[in-house]
Amino acid sequence: MTAARLLIVTAVEAEAAAVRAGINPAETPTTAAGTDPVTVDATTAGGDPAAVDATTAGGDPAAVDATTAGGDPAAVDVAAVGVGPAAAAAGTARLLALAEARGLPYRAVISAGIAGGFAGRAEVGAVVLAARSIAADLGAETPDGFLPVEELGFGSSVAEADADLLAALSSALPHAVIGDVLTLATVTGTAGTAAALSARFPAAVAEAMEGHGVACAARAAGVPFAELRTISNPIGPRDRASWRLKEAFSALTDAAAKACG
Ligand SMILES: O=C(O)c1cccc(C(=O)CC[C@H]2O[C@@H](n3cnc4c(=O)[nH]cnc43)[C@H](O)[C@@H]2O)c1
């Protein structure tokens with residue numbers, strides 16, 4: 001019997017390549033670490049669903065084999081599904097449903113990639129594991145402050161990591177910072193927003209753009225979920241030139257090697 005596979009979902013192909021390089025060192029990333037993920041995304045699995053099929057674990061089981069990483073080709077699939085919570089949720093839900101329809105459901109799904117780190121909580125180059133992936137902008141703004149979706153009575157903005165999966169990852173990555181990871185559709189770009197988020201989420205160590213979306217797809221499919229990030233930049237005033245992409249991608253490769261290699 002074939003062992004159930006693990007699905008690792010990233011936003012952009014540069015992140016997927018970094019993860020694959022860790023799981024299977026023979027697979028050198030074709031997109032050099034240090035390139036702009038947005039530029040890379042535009043040429044791969046960014047917007048066109050057909051491109052997702054062609055370059056990741058989309059529809060064709062043969063394509064899954066061709067892009068699967070790891071010593072055991074049946075063990076891990078790595079797919080880039082686009083930037084932001086909506087693309088992450090839609091792309092992940094599709095991959096989970098296709099696998100289920102083939103009679104080969106995934107055993108777990110991990111949202112992986114680079115992230116911004118809150119100063120003093122997760123520094124550039126750090127590995128972060130999410131205890132909870134939180135949709136930080138899901139709710140309503142009021143003159144008296146932000147109301148999370150819970151207070152509006154419309155469900156939950158918080159997705160807990162699967163306890164067993166988180167325990168396995170933290171045991172493989174003992175130096176990882178464990179804390180909440182915020183999911184936002186907008187990258188924070190001012191000191192004011194960074195301070196407000198830091199105050200509203202004292203347990204948050206990082207922010208990214210996909211974790212909660214991947215978690216929603218995983219929850220709908222009944223599949224365990226976790227989020228793994230490496231820090232490329234401090235959260236704060238926008239200074240894209242200072243993002244340490246090479247360092248973050250290299251940390252992502254190293255983390256994938258330790259967690260799944
Ligand atoms: O330069 C920009 O304005 C910009 C806008 C949207 C996306 C990007 C990316 O580079 C996307 C890559 C990926 O990186 C994650 N990420 C990294 N740092 C942060 C951050 O400080 N805040 C939120 N997300 C971050 C995110 O998950 C993206 O998918 C650049």
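Both counts, for ligands and for their atoms, begin at 1 and track the order of listing. It should be emphasised that the depicted structure is a prediction, and the values quoted were computed from it without experimental measurement.
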Is NZ or CZ of R200 both nearer than 6.0 Å to the six-membered ring centre of F146 and within 45° of the ring axis? yes
Do E150 and S157 have side-chain N/O donor and acceptor atoms under 3.5 Å apart? yes
Could you tell me which atoms of ligand 1, counted from 1 in the order shown, lie closer than 4.0 angstrom to a heavy atom of R229? 27 (O)
R238-ligand 1 polar pair, N/O distance under 3.5 Å: yes
For ligand 1, which is the ligand I care about here, please tell me if M209 has any N or O atom under 3.5 Å from one of the ligand's N or O atoms. yes
Which residue from V12, I114, T183, N233 reaches closest to atom 16 (N) of ligand 1 through any of its heavy atoms? I114
Is the shortest side-chain N to carboxylate O distance from E160 to R219 below 4.0 Å? no
Indicate every side-chain donor-acceptor pair of residues 127-142 with a distance under 3.5 Å to a residue at least two apart or in another chain.
| unit_1 | atom_1 | unit_2 | atom_2 | d |
| --- | --- | --- | --- | --- |
| R132 | NE | D180 | OD1 | 3.2 |
| R132 | NE | D180 | OD2 | 3.2 |
| R132 | NH2 | D180 | OD2 | 2.8 |
| S133 | OG | E227 | OE1 | 2.6 |
| D137 | OD2 | A185 | N | 3.2 |
| T142 | OG1 | D144 | N | 3.0 |
| T142 | OG1 | G145 | N | 3.1 |
| T142 | OG1 | G145 | O | 2.7 |

Please confirm whether G116 comes within less than 3.5 Å of ligand 1 when only nitrogen or oxygen atoms on both sides are compared. yes
Sequence neighbours excluded, which residues qualify as side-chain contact (heavy atoms from CB on, under 4.5 Å) partners of A108? L6, L165, P224
Examine the proximity of ligand 1 to R240 and report which part, side chain or backbone, both or neither, has a heavy atom under 4.0 Å away. side chain
Look at ligand 1 and say whether A115 reaches it with a heavy atom at a distance under 4.0 Å. yes
Taking only heavy atoms of A11, which atoms of ligand 1 are found under 4.0 Å from at least one of them? 29 (O)
Do T253 and R20 pass the side chain to side chain donor-acceptor pair (under 3.5 Å) test, and can you show the C-alpha distance, the side-chain angles, and the key distance before you say yes or no? CA-CA 7 Å; T253 297; R20 288 188 196 108; over 6 Å; no
Does W243, backbone or side chain, put an N or O under 3.5 Å from an N or O of ligand 1? no
Going by distance alone, is a donor N or O of one side chain under 3.5 Å from an acceptor N or O of the other, for E247 and S232? no
Under 4.0 Å to a heavy atom of S232 - the qualifying atoms of ligand 1, by number: 17 (C), 18 (N)
